[in-house]
Engineer: 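Let me begin by handing over the structure; questions about it come next.
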Number of protein chains: 2
Amino acid sequence: MKKIDILKKLRSSGLRPTKQRVEIAKFLFEREKTFHFTVESLNKFFTKKSASKIALATIYNTVHAFKTAGHLSEVEVRGNKTYFDTNVSNHHHFYDSDTSELIDIDVNDIIIQKIPKAPNGKKIKNVEVFINLKN
Amino acid sequence: MKKIDILKKLRSSGLRPTKQRVEIAKFLFEREKTFHFTVESLNKFFTKKSASKIALATIYNTVHAFKTAGHLSEVEVRGNKTYFDTNVSNHHHFYDSDTSELIDIDVNDIIIQKIPKAPNGKKIKNVEVFINLKN
DNA sequence: TTTCACTTTAGAATAATTATAAACTAAGAT
DNA sequence: ATCTTAGTTTATAATTATTCTAAAGTGAAA
Ligand SMILES: [Mn+2]
Ligand SMILES: [Mn+2]
Ligand SMILES: [Zn+2]
Ligand SMILES: [Zn+2]
C-alpha cells in the first residue's frame with residue numbers, strides 16, 4: 001500500500017492524516033502481508049525502532065480509530081493483552097501459546113458441514129474458528 | 001451434585017474443603033446445568049445474595065484452584081473480563097454480544113469437514129468454534 | 001490437644017486501558 | 001497568506017481487572 005493510498009484511506013474514513021496517523025498507518029499497511037500485533041508491540045516499535053516518538057495514548061487512539069473505520073480487526077486471544085489484525089476479512093486462526101503467535105487461516109481452508117441454528121430470534125453474525133497448537 | 005461429592009471433588013484435587021471453597025463449589029456445581037460466569041458475577045452473588053461474605057481474593061484464589069484442578073475451564077470472550085465455564089468438556093459457544101451471554105454448543109453439533117494441517121512441527125491441541133450472534 | 005502447612009483476607013501493587021484537559025494543528029473560510 | 005476552530009496529540013491521572021503480600025486463621029494429621 002502506497003503513501004497516497006494511505007492518505008486516501010485516512011481521509012475517506014473521516015480521519016485527518018496527521019503525522020502520527022500516517023506514520024502508524026505506514027507501519028501497519030505499507031507491507032505485503034497482513035499481520036497481528038498488540039498495542040504494546042506497536043508502541044515498542046515507535047519507541048525504539050522509529051525516530052519519532054508517538055505518545056502511548058495516541059497509539060491507543062489511532063488503533064481504535066482504525067478499528068472503528070474497519071481498517072483493523074480484533075482477535076480474541078487468551079491472556080491480558082488485546083490483539084489486533086490488519087487482516088479485516090473473514091478468516092480463522094491458529095494460535096501457538098508457546099510463542100503467543102497467531103497464524104491466519106483462509107476462510108476457505110475450513111469447511112463446516114454441520115452447524116446448529118441460532119437460538120431465539122437471533123441470527124449468526126459470523127463464525128470464528130480458533131485452533132490451539134501444541135508441540 | 002451433592003455435598004458429599006463436593007467434598008470428594010475438593011479432597012481428590014488436593015484442595016482442603018474449607019468453608020469458603022465448599023460454599024463456592026456448592027454454588028458452582030450443585031445444579032443441573034453447567035453455566036458461565038465471571039469473577040465479578042460470582043463475587044456479586046456472595047456479596048448480595050449469600051449471607052456469608054467471601055473475600056474477593058479468595059474468590060480469585062478458588063476459581064484458579066478449581067481451574068487448575070480441571071473443574072472449571074476458561075472461555076475467551078471479547079472484552080475485559082475473564083469468563084469461566086463449569087462445563088469442562090470439549091464444546092463450542094454461541095456468543096450474544098448484546099447480553100454478553102455465552103451459550104454452549106455440544107461438540108457433536110458442529111462437524112468440521114475440512115481443516116488445514118498444523119504448521120511447522122506443531123500439532124492441533126483443540127479446535128474452538130465461536131459463533132457470534134446478532135438480532 | 002498440639003502443630004503446622006495450607007488458607008483466608010485486607011490492602012497494596014501491577015498491568016492494560018481509558019479519561020482529562022491543556023497545547024497543538026489540519027484545513028476550510030476570509 | 002492569515003485567521004479560525006474543530007479535530008488531534010500528549011502528559012498525566014484515573015479506572016478496572018487481576019495478582020501479590022504478609023499477617024491472622026484453620027483443617028487435619030499426629
Ligand atoms: Mn484476551
Ligand atoms: Mn477476553
Ligand atoms: Zn488474522
Ligand atoms: Zn461453555
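A note on names: the letters A, B, ... follow the listed sequences, proteins ahead of strands, and every chain is numbered from 1.
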Engineer: Reading DNA chain D from 5' onward, which residue's closest nucleotide shows up sooner: B:Y60 or B:K19?
Structural biologist: B:Y60
Engineer: How many Å lie between CZ on A:R16 and C1' on D:dT4, as a whole number?
Structural biologist: 11 Å
Engineer: For B:P17 and B:F84, take the nucleotide of DNA chain D holding the closest heavy atom to each; which residue's nucleotide lies nearer the 5' end?
Structural biologist: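 Looking at the nearest nucleotide for each, B:F84 comes out on the 5' side.
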Engineer: Could you see if A:F35 belongs to whatever hydrophobic cluster contains A:F46? Use Ile, Leu, Val, Met, Phe, Trp, Tyr and a side-chain cutoff under 4.5 Å.
Structural biologist: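 Yes: a chain of side-chain contacts under 4.5 Å links A:F35 to A:F46.
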Engineer: Closest approach to the side chain of A:A57, judged atom by atom: which nucleotide of C:dA16, C:dA19, C:dT9 is it?
Structural biologist: C:dA19
Engineer: Round to a whole Å and report the spacing from CZ of A:R78 to P of D:dT18.
Structural biologist: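 My rounded result for the distance is 14 Å.
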Engineer: Measure from the side chain of A:R21, starting at C-beta and using heavy atoms only, and say which of C:dT9, D:dT9, D:dT16 lies closest.
Structural biologist: D:dT9
Engineer: Between B:T18 and C:dT8, does any side-chain N or O lie under 4.0 Å from OP1 or OP2?
Structural biologist: yes
Engineer: Given atom CG of A:L15 and atom P of C:dT25, what is their separation to the nearest angstrom?
Structural biologist: 18 Å
Engineer: Distance check needed: D:dG7 C1' versus A:Q20 CD, whole Å only.
Structural biologist: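 It is 12 Å, rounded to the nearest whole Å.
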Engineer: Search all heavy atoms of B:V75 against all heavy atoms of B:H36 and return the closest pair with its distance.
Structural biologist: CG2-CD2, 4.3 Å
Engineer: Within the pair A:T82 and C:dT17, is there a side-chain N or O less than 4.0 Å away from OP1 or OP2?
Structural biologist: yes
Engineer: Run the salt bridge (Lys or Arg N to Asp or Glu O under 4.0 Å) test on A:D104 and A:K33 for me, step by step, so that the C-alpha distance in whole Å, both residues' side-chain angles and the decisive distance to 0.1 Å come before the verdict.
Structural biologist: CA-CA 11 Å; A:D104 278 358; A:K33 296 180 181 177; over 6 Å; no
Engineer: Quick check, are the ring centers of A:F27 and A:F37 under 6.0 angstrom apart?
Structural biologist: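 No; A:F37 has its ring centre 6.0 Å or more from that of A:F27.
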Engineer: Show every donor-acceptor pair shorter than 3.5 Å between a side-chain atom in residues 125-135 of chain A and any protein atom, with sequence neighbours excluded, or say none if there are none.
Structural biologist:
unit_1 : atom_1 : unit_2 : atom_2 : d
A:E128 : OE1    : B:R78  : NH2    : 2.9
A:E128 : OE2    : B:R78  : NH2    : 2.8

Engineer: For A:N43 and C:dT18, what is the distance between atoms CG and P respectively, to the nearest whole Å?
Structural biologist: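 The answer, rounded to whole Å, is 14 Å.
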Engineer: Look at all strands and tell whether B:T58 reaches a base, only sugar-phosphate, or nothing, counting heavy atoms closer than 4.0 Å.
Structural biologist: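 Answer is base: heavy atoms of B:T58 come under 4.0 Å of a base.
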Engineer: Using whole Å, report how far CD1 of A:I59 lies from P of D:dT10.
Structural biologist: 9 Å
Engineer: Which heavy atom of B:L72 sits nearest a heavy atom of B:V63, and at what distance?
Structural biologist: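 Minimum heavy-atom separation between B:L72 and B:V63: CD1-O, 3.8 Å.
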Engineer: Nearest-Å distance, NZ (A:K81) to C1' (C:dT17)?
Structural biologist: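 About 12 Å, once rounded to whole Å.
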Engineer: Compute the angle between the rotation axes at the two ends of the helix from C:dT1-D:dA30 to C:dT30-D:dA1, each taken over five pairs, rounded to 10 degrees.
Structural biologist: 20°
Engineer: What integer distance in Å separates B:K53:NZ from C:dA10:C1'?
Structural biologist: 10 Å
Engineer: Want to settle it: does B:L56 or A:H64 sit nearer the 5' end of DNA chain C, counting the closest nucleotide to each?
Structural biologist: B:L56
Engineer: Is the backbone N or O of A:L10 less than 3.5 Å from a side-chain atom of A:R21, with the two atoms forming a donor-acceptor pair by type?
Structural biologist: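 The answer is no, because no donor-acceptor pair under 3.5 Å joins these two groups.
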